[in-house]
Number of protein chains: 2
Amino acid sequence: MKGYLWTGGDPGSQKTVAPPENGRLAPWEAIAVEAVGNVIEFWGFKRNQGRVWGLLYLRGEPLTAGEIERELDLSKGGVSMLLRDLEHWGVVQRVRVPQDTVWRYAAETDLVRMVTHVVEEREAAFVTRIRADLAEARRLAEGAGGVQAEKLRRLERMAVLADHVERALRLFIKTSRLDVGGVLGAFRDGALSRGKAER
Amino acid sequence: MKGYLWTGGDPGSQKTVAPPENGRLAPWEAIAVEAVGNVIEFWGFKRNQGRVWGLLYLRGEPLTAGEIERELDLSKGGVSMLLRDLEHWGVVQRVRVPQDTVWRYAAETDLVRMVTHVVEEREAAFVTRIRADLAEARRLAEGAGGVQAEKLRRLERMAVLADHVERALRLFIKTSRLDVGGVLGAFRDGALSRGKAER
DNA sequence: CATATAGTTCAAGACCGCGTGAACTGCACC
DNA sequence: GGTGCAGTTCACGCGGTCTTGAACTATATG
């Protein structure tokens with residue numbers, strides 16, 4: 001638990017001892033936000049990145065960093081960094097409301113695009129590296145005498161296997177993008193105001 | 001008894017010393033083993049599980065726990081647990097050589113099958129959970145009055161999105177299995193002709 | 001210019017998973 | 001029965017990651 005945060009600041013003016021933290025978050029919101037957090041974590045990102053995006057997405061309207069901090073019970077610094085990441089990936093947008101001075105943040109709809117994109121990059125770099133390693137191993141093995149042909153064959157098999165895993169991955173990413181992307185596209189069109197676009 | 005043996009094949013005058021450890025692993029073997037370790041880690045397993053499997057696969061012949069321990073510089077307990085996992089997943093087989101009393105371990109070729117299988121399970125349970133959560137959230141949201149229709153729609157969109165991610169995943173797993181599996185099948189024919197002596 | 005509030009950065013610490021090593025079990029052989 | 005080794009289990013500690021909290025910068029306001 002987070003215990004009693006904010007004891008440090010907040011001199012008297014704020015009488016509301018208030019059931020701290022996420023009291024503001026409706027139960028159903030909490031569940032949904034948590035779900036997004038889980039999904040995003042599953043894909044190798046930080047859980048809280050997902051929670052932040054989820055909140056922004058559910059609310060629909062841009063929130064300030066302070067609001068996010070309160071709703072999700074995160075630290076100021078943490079929110080700042082999380083938002084930086086999300087913004088950097090293009091799944092959250094920083095917007096300025098006309099006469100107000102603070103930044104607000106809004107969710108883009110293409111979370112999935114971000115996931116596939118980042119995963120793709122990650123995986124591409126990774127597979128390249130593995131391939132290089134296996135090639136290197138093979139070179140060395142051939143160089144050093146006395147390695148049985150049998151073993152060389154095994155090495156080679158490994159490399160082929162890596163190639164195929166790679167192909168499968170690429171295929172996955174592509175289909176996933178098409179499939180999910182298509183649906184999201186449908187949303188994007190009229191979705192925000194119009195009902196669910198079905199396909 | 002063999003006094004101090006640790007030599008798989010020949011008993012005899014090899015008694016001495018223990019040259020400190022992983023010196024035994026040829027450089028090219030080390031690289032390949034490491035590569036497998038990385039791959040397997042990438043898929044959410046333990047790096048050392050991959051290293052063990054990789055070693056067994058490269059060597060072709062069954063090794064004892066002690067040998068693995070030495071080659072990969074792991075602890076006795078660690079090797080035991082790693083082997084248990086691998087065996088449990090069916091990617092390593094425990095074999096008994098006729099006259100000898102110790103267990104030996106041999107790599108099955110279908111590492112990929114294991115990965116897809118476990119990933120599939122993991123993911124299935126996970127997706128189910130997410131779905132349930134979103135459904136629950138929706139129920140709550142509908143129950144509690146005063147939730148804007150707009151927000152309900154967002155929730156629903158999330159669920160649809162989850163469905164599609166799921167479909168993409170299933171598709172991926174299927175293709176991956178077909179693709180890689182096919183290749184492996186080809187291997188299996190001519191390649192391991194003698195590796196599977198014991199069964 | 002002084003002050004307050006929004007936002008950023010980073011060192012310190014909480015947290016968590018993995019592997020280690022030691023204690024333990026079981027088995028084979030003397 | 002006793003000895004020695006293979007194999008298992010588990011509490012602890014190390015290492016890496018994420019979050020916090022405080023110091024710091026930037027920007028608006030009187």
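Numbered from 1 within each chain, the chains take letters A, B, ... in sequence-line order. Since this is a predicted model, take the numbers as computed values, not measurements.
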Peer 1: Between E156(B) and R153(B), is the closest basic N to carboxylate O distance under 4.0 Å?
Peer 2: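 Between E156(B) and R153(B) there is no salt bridge, as every charged N stays at least 4.0 Å from the carboxylate O atoms.
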Peer 1: In whole Å, what is the span from the CZ atom of F45(A) to the P atom of dT19(D)?
Peer 2: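 Atom CZ in F45(A) sits about 14 Å away from atom P in dT19(D).
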Peer 1: Got a salt bridge between D100(A) and R96(A), using NZ or NE/NH1/NH2 to carboxylate O under 4.0 Å?
Peer 2: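 No, D100(A) and R96(A) are not salt-bridged.
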Peer 1: I want to verify a distance call: between dA6(C), dT20(C), dT9(C), whose nearest atom is closest to the L74(B) side chain?
Peer 2: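 Nearest to the side-chain atoms of L74(B), counting from C-beta on, is dT20(C).
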Peer 1: Quickly work out the L72(B) CG to dG19(C) C1' distance and round it to whole Å.
Peer 2: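 Rounded to the whole Å, the gap is 13 Å.
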Peer 1: Any side-chain N or O of R47(A) below 4.0 angstrom from OP1/OP2 of dT19(D)?
Peer 2: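 Indeed not, no polar side-chain atom of R47(A) lies that close.
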Peer 1: Using whole Å, report how far CD of E67(A) lies from P of dA6(C).
Peer 2: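 Whole-Å distance recorded here is 11 Å.
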Peer 1: Which nucleotide sits closest to the side chain of K76(A): dG7(C), dA28(D), dG7(D)?
Peer 2: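 Selected nucleotide: dG7(C).
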Peer 1: Distance check needed: dT8(D) C1' versus H88(B) NE2, whole Å only.
Peer 2: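 Taking atom C1' of dT8(D) as the reference, NE2 of H88(B) is at 16 Å.
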Peer 1: May I have the distance from I68(A) (atom CD1) to dG7(C) (atom C1'), rounded to whole angstrom?
Peer 2: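 After rounding, the reported distance stands at 13 Å.
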Peer 1: Contact class for R94(A) (heavy atom, under 4.0 Å): base, sugar-phosphate, or nothing?
Peer 2: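 Sugar-phosphate: the residue R94(A), judged by heavy atoms under 4.0 Å, touches backbone atoms but no base.
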Peer 1: Among dT9(D), dT8(C), dC18(C), which is the nearest nucleotide to the side chain of K46(B)?
Peer 2: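 Closest nucleotide to the K46(B) side chain: dC18(C).
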Peer 1: Return whichever of G77(A) or R96(A) has its heavy-atom-nearest nucleotide of DNA chain D closer to the 5' end.
Peer 2: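 Taking each residue's closest nucleotide, the earlier one in sequence belongs to G77(A).
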Peer 1: Rounding to an integer number of Å, can you tell me how far D85(B) CG sits from dG19(C) C1'?
Peer 2: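 Atom CG in D85(B) sits about 13 Å away from atom C1' in dG19(C).
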Peer 1: Where is the tightest heavy-atom contact between V36(A) and W53(A), given as atom of each residue plus distance?
Peer 2: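 Shortest heavy-atom contact: CG1-CE3, 4.0 Å.
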Peer 1: With nearest nucleotide decided by heavy atoms, which residue, V102(A) or M81(A), maps closer to the 5′ end of DNA chain C?
Peer 2: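 It is V102(A) whose nearest nucleotide is closer to the 5' end.
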Peer 1: Please verify the inter-ring angle class for W89(B) with F45(B); under 30° counts as parallel, over 60° as perpendicular, anything in between as tilted.
Peer 2: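 Ring orientation, 0 to 90° scale: perpendicular.
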Peer 1: Is there a donor-acceptor pair under 3.5 Å between the side chain of R47(A) and the backbone N or O of I40(A)?
Peer 2: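 Looks like no, no N/O pair under 3.5 Å.
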Peer 1: Find the distance L82(B):CG to dG19(C):C1' and express it as a whole number of Å.
Peer 2: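 Going from CG in L82(B) over to C1' in dG19(C) covers 9 Å.
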Peer 1: Output the rounded distance in Å from CG (D100(A)) to P (dA28(D)).
Peer 2: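 Spelled out: CG on D100(A) to P on dA28(D) is 12 Å.
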Peer 1: Taking only the side-chain heavy atoms of Y105(B) (C-beta and beyond), determine which of dG7(D), dA28(C), dG7(C) contains the nearest atom.
Peer 2: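 So the nucleotide nearest the side chain must be dG7(D).
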Peer 1: Would you say dT19(D) has OP1 or OP2 under 4.0 Å from some side-chain N or O of N48(A)?
Peer 2: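 For N48(A), the contact criterion (side-chain N or O under 4.0 Å from OP1 or OP2 of dT19(D)) is met.
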Peer 1: So which nucleotide from dA28(C), dG21(C), dG21(D) ends up closest to the side chain of S75(B)?
Peer 2: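 Taking heavy atoms from C-beta onward, the closest nucleotide is dG21(C).
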